[in-house]
Amino acid sequence: MNIVFMGTSDFSLKSLVALHKNHYNIVAVYTQAPKPFGRNQKIHKSVVHEYAESKGIPVYTPKSLKSTSEVEKFSELKADLVIVSSYGLLIPQNILNIPNYGFINIHASLLPRWRGASPIQSAILSGDKESGITIMKMDAGLDTGDIISMKKINITPKTTYGMLTEEMGNLGTEMILETLNNLEENLSKAWKQPNIESTYASKISKDMCKIDWNNSAEIILRKIMAFSPTPSAWTEIEGIRIKILDADITMEKLHYLNEKTKIPGQLCEYGKEAFVICANNSALKLTKIHPAGKNPMSGNDFLRGHKNLVGKIFS
RNA sequence: CGCGGGGUAGAGCAGUCUGGUAGCUCGUUAGGCUCAUAACCUGAAGGUCGGAGGUUCAAAUCCUCCCCCCGCAA
């Protein structure tokens, strides 16, 4: 069976590696084109691109699949099945129709909740208690295909995007291998998504990552977790831009904080630890932060060199 | 040549502009105080100031080149 793999991120890489190690016949890999990335505008290939190349698998990086030349190239691969995992491009119907077994997608949410680009971050941001992986047959809609299988993962208040992505990647890999084990039967048993209760996870934008200290500590903590370790929730104080990598909602020090004139975003020190006031009489203890131009450090360390900032306001 | 911040004791920083004894807050360590302590007091150890060259009577500081870390942007 000829398999084509389409994916770009670390999440998808795990599945590709597993497929390759299990000796599936991967005839081609599609991934997003190399882009200028990082300092000095160096061109970087995607992790999937690097891996496929190192294993001698042909790599395709079209900017779109809509052109007739791309459709022709694809049909020449004589794919029987395509596995898609956080690829990043829309797949037109005339390509979906080509493989006998169609397209299968590994999606990192419990569909129909969180269709779209950022299912993992969105689940954490909105405070979901659980998420998971859905394996589905792809159709022309955005993550609207029939469901082949679904498994859950718990989310705690301290689950980060990085941690959840790791777990999701492992689970997705496990599930796609199960699916392939008994492909025809699994495909025939697929069921329709309920169209109620669907939600969409839009792409992550810059402003989404900036912290609004007028929210409660709980909401802010979700944002920190959803964007950790990257791109990171951030804030600013006295012109210094600071990423917040980890924090804890603090209860025991609230009585102390309440005696002060609390302003949301105010940096406080208590028992050598750094706190920031949030809305509704809540506060966050800064446990790991990353000031621009510096290396990541604890809140305590930051205070040691910046006593003058105590009492100032994050914005 | 995309824009910018930084490298000084184990950690976080000041000192650089204007050259003149290597500092601060912590940590570590020895002792003291205390019913006791992560609190307080007294002492100690711990630095080739990222590297190389240059200027100078004298360089963390000024000049030249190099290395490393990071933020933005994409």
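A note on names: the letters A, B, ... follow the listed sequences, proteins ahead of strands, and every chain is numbered from 1.
Between A/Glu185 and A/Lys189, at least one side-chain N (NZ, or NE/NH1/NH2) sits under 4.0 Å from a carboxylate O, which counts as a salt bridge. Ion pairing of A/Asp301 with A/Arg304 is present here, as a side-chain N (NZ or NE/NH1/NH2) and a carboxylate O approach within less than 4.0 Å.
Nucleotides B/rG54 and B/rG46 place their C1' atoms 32 Å apart, quoted to the nearest Å. To the nearest whole angstrom, the two C1' atoms, one in B/rG12 and one in B/rG20, are 28 Å apart. As rounded to the nearest Å, B/rC62 and B/rU21 have P atoms that lie 16 Å from one another. Atom C1' of B/rG50 sits at a distance of 12 Å from the matching atom of B/rA60, rounded to the whole Å. Using C1' as the reference atom, B/rG23 and B/rC63 are 26 Å apart when rounded to the nearest Å. Look at the P atom in both B/rG7 and B/rA14: the space between them is 7 Å, to the nearest Å. Look at the P atom in both B/rA36 and B/rC49: the space between them is 45 Å, to the nearest Å. Spacing of P atoms, B/rG47 relative to B/rU8, comes out at 14 Å, to the nearest Å.
A donor-acceptor contact under 3.5 angstrom links the side chains of A/Trp213 and A/Thr235, judged on distance only. Side-chain contact check for A/Thr179 and A/Asn186: no donor-acceptor pair (N or O, by modelled atom type) lies under 3.5 Å. Judged by distance alone, the side chains of A/Ser86 and A/Ser9 do bring a donor and an acceptor atom under 3.5 Å apart. Side-chain contact annotation: A/Ser12 with A/Ser15, donor-acceptor N/O pair under 3.5 Å absent.
Distances from the side chain of A/Lys206 to the nucleotides B/rC70, B/rG27, B/rA74 place B/rA74 closest.
Under a hydrophobic-cluster definition in which Ile, Leu, Val, Met, Phe, Trp and Tyr are linked whenever side-chain heavy atoms come within less than 4.5 Å, directly or via other members, A/Leu90 and A/Tyr87 are assigned to different clusters. Put simply, A/Trp234 and A/Leu309 are part of two different groups of oily side chains (I, L, V, M, F, W, Y) that touch within less than 4.5 Å, one to the next. Residues A/Val276 and A/Phe227 do not share a hydrophobic cluster, clusters being chains of Ile/Leu/Val/Met/Phe/Trp/Tyr side chains in contact below 4.5 Å.
Contacts between residues 39-50 of chain A and RNA chain B, counted as heavy-atom distances below 4.0 Å, involve A/Arg39, A/Asn40, A/Gln41.
Between the P atom of B/rG4 and the CD atom of A/Glu236 lies a distance of 18 Å, rounded to the nearest Å. Here B/rC13 presents its P atom at 12 Å from CG of A/Asn308, a figure rounded to the nearest Å. When rounded to the nearest whole Å, the span between CD of A/Glu269 and P of B/rU25 equals 14 Å.
Both A/Gly38 and A/Pro291 sit near RNA chain B, but only A/Pro291 has its closest nucleotide nearer the 5' end.
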Worksheet item: How would nucleotides 5-12 of chain B be written as a contact map, 5' to 3', with B for base contact, S for sugar-phosphate-only contact and - for no contact, using protein heavy atoms under 4.0 Å?
Response: BS----BB
